[in-house]
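Working notes for the structure below.
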Amino acid sequence: MITSAYNVENEEDTISPTFCPIPWHHQYFDTDGSEGLCYNSPVFTHGELEWNGSQMKKIRLDMIAGRKNRACSVCHNEEKSGKCLSLRQQVLNYQKIHYKHDMKTLKSHVKEVTDKDGHVSTKSNTLHIALGNTCSGKCIMCSPWNSSALRPTHKHINKQLNFKELDVREFQWTKDDALWKKKFYPLVEQSHWINLMGGEPLITKRQHQILQYCVDRNIAKDKVIYYNTNCAQPVPDKTLELWKHFKHIHLDLSIDDMNERVEYIRYPVKWDQFIKFLNWSDNDTNDNITIELLPSIANYNIFYYPDFVEWMINQKFKKVNKNLGGLPGTNIVHFPERMGIKTLPEELKRTIIHKYKHWNLKDSCDSNIQQVRDNYDWCRTRIMQLPKLLENSEYLGDLDGQDHYDTFNKWHSELDKLRGSNFYSTFPIFKEYQ
């Protein structure tokens with residue numbers, strides 16, 4: 001059985017302070033088909049970030065030498081604030097616990113396969129593909145880049161606020177059978193771990209085709225498939241039938257809060273739809289399926305996150321987040337910049353820090369399994385370190401936090417006019433700072 005493994009380790013024996021295993025085993029493709037380093041990186045391009053492209057080779061050399069590369073700026077920024085916050089740290093710990101790759105093993109592997117120019121002689125063995133931007137959701141942290149349903153909303157708000165119009169294309173590369181045959185299916189074949197994202201991956205035709213491709217070639221039994229889903233619709237019966245052939249299926253559920261707050265964030269999905277999906281996940285899924293809530297934490301919900309975590313613990317799920325001791329994972333939102341938690345006014349930041357400081361989140365779980373206890377420790381530490389990001393004033397965007405917060409206020413004001421919603425009624429903590 002596959003489990004998450006985020007045991008907290010010190011990094012004294014890493015190859016360098018900036019080393020991450022990702023460029024030695026992983027390939028990432030964004031919603032437009034461009035290749036990037038990972039989902040946490042702000043850098044994407046066609047060509048130079050291919051497996052042995054010039055930019056990827058430079059990233060590898062920078063990591064070995066301990067230099068910071070712009071492609072890794074999100075992780076570097078998070079690590080300035082506290083431990084357990086960055087994806088880099090998470091991946092290192094996952095390699096150590098799940099694959100038994102300690103630093104000695106990683107050092108040996110990197111030395112063996114990496115040339116002086118950063119070229120590696122091995123192929124990638126994990127794959128992340130965002131299957132275009134087809135989606136019915138209109139989540140407030142997303143853009144038309146991630147959801148085709150947001151095109152009318154963003155066109156209207158950009159016009160009202162005189163903002164530069166965002167890319168509103170609907171990406172078609174996922175429908176190109178010749179491209180998949182030449183480029184992507186070979187990567188599917190060589191990867192033991194595949195993360196399918198979107199848009200909403202469960203409603204895309206290509207998602208079914210990938211699964212069927214693996215089943216037809218008798219390689220599904222060796223594959224682990226990850227999904228991120230908005231829970232807006234049940235998993236199709238065809239997908240459920242294909243999942244039975246796979247080694248393991250993991251679902252990350254995009255549920256960031258509860259009741260009217262999550263309805264505002266993940267519009268137009270209703271709270272009862274989330275509850276229905278959770279009940280199905282916890283009671284009616286096959287043994288080769290694991291499920292975790294993975295909330296996205298941004299400026300609108302960081303104050304309320306402790307309430308959501310306590311709600312989740314009190315549900316006492318039998319299966320959902322079982323491997324993490326009942327705690328949720330935590331995905332920190334940095335982009336779009338107006339949503340970043342560092343944009344918040346200083347007085348509100350102090351209010352949030354005070355709330356976390358006096359939050360009595362239990363320091364251990366009841367599991368007898370050491371790995372689950374380790375996972376709980378990691379998740380708890382990550383949650384309780386969130387206020388550290390508020391204390392670090394360095395911002396990732398081109399503007400400072402106040403400029404982005406002004407944009408944030410203008411944006412949800414226009415959004416309320418379109419939806420007939422009321423941001424300040426839904427998130428009353430902001431009334432004092434409007």
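- Lys205 NZ: 12 or fewer foreign heavy atoms inside a 6.0 Å radius.
- Between Asp62 and Lys58 there is a salt bridge, since a side-chain N of the basic residue sits under 4.0 Å from a carboxylate O of the acidic one.
- Here Lys182 pairs with nothing under the side-chain hydrogen bond (donor to acceptor under 3.5 Å, both in side chains) rule; sequence neighbours left out.
- When ring centroids are compared, Tyr28 and Tyr39 stay outside the 6.0 Å threshold.
- Side chain of Asn314 to backbone of Glu310: a donor-acceptor contact under 3.5 angstrom is found.
- In this structure, the ring of Tyr227 has its center less than 6.0 angstrom from the ring center of Trp243.
- When only modelled atom types and interatomic distance are considered, Thr290 and His250 share a side-chain donor-acceptor pair under 3.5 Å.
- Distance alone, capped at 3.5 Å, is enough to place a donor-acceptor pair between the Lys223 side chain and the Ser191 backbone.
- Between the side chains of Asn331 and Ser296, at least one donor N or O sits under 3.5 Å from an acceptor N or O.
- With 3.5 Å as the limit, one finds a donor-acceptor pair spanning the side chains of Gln172 and Lys175.
- Under a cut-off of 6.0 angstrom, the local environment of NZ in Lys355 is crowded, with over 12 non-hydrogen atoms contributed by other residues, nucleotides or ligands.
- Remark: Tyr305 engages no residue in a ring pair (Phe, Tyr, Trp, His ring centres under 6.0 Å) (not counting sequence neighbours).
- A side-chain donor-acceptor contact under 3.5 Å links Arg60 and Asn52.
- Arg373 has its side chain out of reach of Ser364: every pair of non-hydrogen atoms, C-beta onward, lies at least 4.5 Å apart.
- Using modelled atom types, one side-chain atom of Tyr304 and one backbone atom of Ile429 make a donor-acceptor pair closer than 3.5 Å.
- Judged by distance alone, the side chains of Glu337 and Thr343 never bring a donor and an acceptor atom under 3.5 Å apart.
- Heavy atoms of other residues, nucleotides or ligands lying less than 6.0 angstrom from CG of Asp284 number more than 12.
- Judged purely by atom type and a 3.5 angstrom limit, Lys349 uses its side chain to pair as donor or acceptor with the backbone of Lys342.
- In terms of the salt bridge (Lys or Arg N to Asp or Glu O under 4.0 Å) criterion, residue partners of Arg266 (sequence neighbours excluded) are, by chain and number, Asp256.
- Just one residue in the list Arg382, Glu79, Glu78 forms a side-chain hydrogen bond (donor to acceptor under 3.5 Å, both in side chains) with Ser86, and that residue is Glu79.
- One side chain, Lys319 or Thr285, offers a donor N or O that lies under 3.5 Å from an acceptor on the other.
- Contacts of Arg206 classified as salt bridge (Lys or Arg N to Asp or Glu O under 4.0 Å), with partners at least two apart in sequence or in another chain: Asp177.
- Atom NZ of Lys183 sits in a crowded spot, with more than 12 heavy atoms from other residues, nucleotides or ligands closer than 6.0 Å.
- Residues that satisfy the side-chain contact (heavy atoms from CB on, under 4.5 Å) test with Gln273, not counting sequence neighbours, are Val269, Lys270.
- A donor-acceptor contact closer than 3.5 angstrom is absent between the side chains of Ser143 and His154.
- Dense packing is recorded around NE2 of His208, with more than 12 heavy atoms of other residues, nucleotides or ligands lying under 6.0 Å away.
- The closest side-chain donor-acceptor pair between Asp374 and Gln370 falls under 3.5 angstrom.
- Under the ring pair (Phe, Tyr, Trp, His ring centres under 6.0 Å) criterion, Trp311 pairs with Trp271, Phe308, sequence neighbours left out.
- In the model, Glu200 has a side-chain atom that pairs as donor or acceptor with a side-chain atom of Thr229 under 3.5 Å.
- For the side-chain hydrogen bond (donor to acceptor under 3.5 Å, both in side chains) with Tyr264, the qualifying choice from Thr426, Asp416, Asp257 is Asp416, the only one to do so.
- The neighbour count for Asp272 CG, taken as heavy atoms of other residues, nucleotides or ligands under 6.0 Å away, is above 12.
- When ring centroids are compared, Phe335 and Trp145 stay outside the 6.0 Å threshold.
- At a cut-off of 3.5 Å, with distance as the only test, a side-chain donor of Asn283 or Lys318 sits close to an acceptor on the other residue.
- Taking the centre and axis of the six-membered ring of Trp359, the NZ or CZ atom of Arg380 falls outside the cone set by 45° and 6.0 Å.
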